[in-house]
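For reference, the structure discussed in these notes is given below.
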Amino acid sequence: MLNKLLAATAIAAMAYAVSPADAARVKAGCSGDNLSKTESMIETMADGEGKIAAQKEIAAAQDAMLSGKMGVCASHLSKAMHVGTAK
């Protein structure tokens with residue numbers, strides 16, 4: 001039982017240690033302004049797989065923002081921006 005408790009504590013500590021590192025790598029802050037800018041950028045893209053993928057990321061970012069999950073929102077917004085600039 002003690003081993004299970006120690007393992008659970010170790011997993012929780014690793015998850016906590018990784019989360020701030022991932023948040024620091026995210027370049028796009030989750031805000032209405034950044035969402036609007038990214039949507040405008042995506043609208044100018046040529047139709048195709050890249051545009052569809054970026055639109056899905058924007059939708060996921062909006063859902064996360066409405067749920068109060070700002071880190072998840074920022075991650076999806078960053079992915080949308082990268083898809084938009086890569087294609």
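Computed from a predicted structure; not experimentally measured.
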- prompt: Rounded to the nearest 0.5 Å, what separation is found between the CD atom of E43 and the OG1 atom of T38?
  reply: 11.0 Å
Separation of M65 CE from C30 SG (nearest 0.5 Å): 5.5 Å
task: May I ask whether M70 and M81 are part of the same hydrophobic cluster, defined by side-chain heavy atoms of I, L, V, M, F, W, Y residues being less than 4.5 angstrom apart, directly or through others?
output: yes
query: Under the side chain to side chain contact (heavy atoms under 4.5 Å, CB included) test, which residues partner D33, sequence neighbours left out?
result: S31, K37
- line: dist L77:CG -> N34:CG (nearest 0.5 Å) comes out at 6.0 Å
- request: Specify the closest pair of heavy atoms between A61 and C73, including all atoms of both residues, with the distance to one decimal.
  value: O-SG, 3.3 Å
- prompt: Hey, does the side chain of S78 reach the backbone of A74 with a donor-acceptor pair shorter than 3.5 angstrom?
  reply: no
message: Using 0.5 Å steps for rounding, measure from the NZ atom of K51 to the OG1 atom of T44.
response: 7.5 Å
message: Show me the pairs that pass side chain to side chain donor-acceptor pair (under 3.5 Å) and involve residues 54-66, at least two apart or across chains.
response: E39-Q62, E57-H76
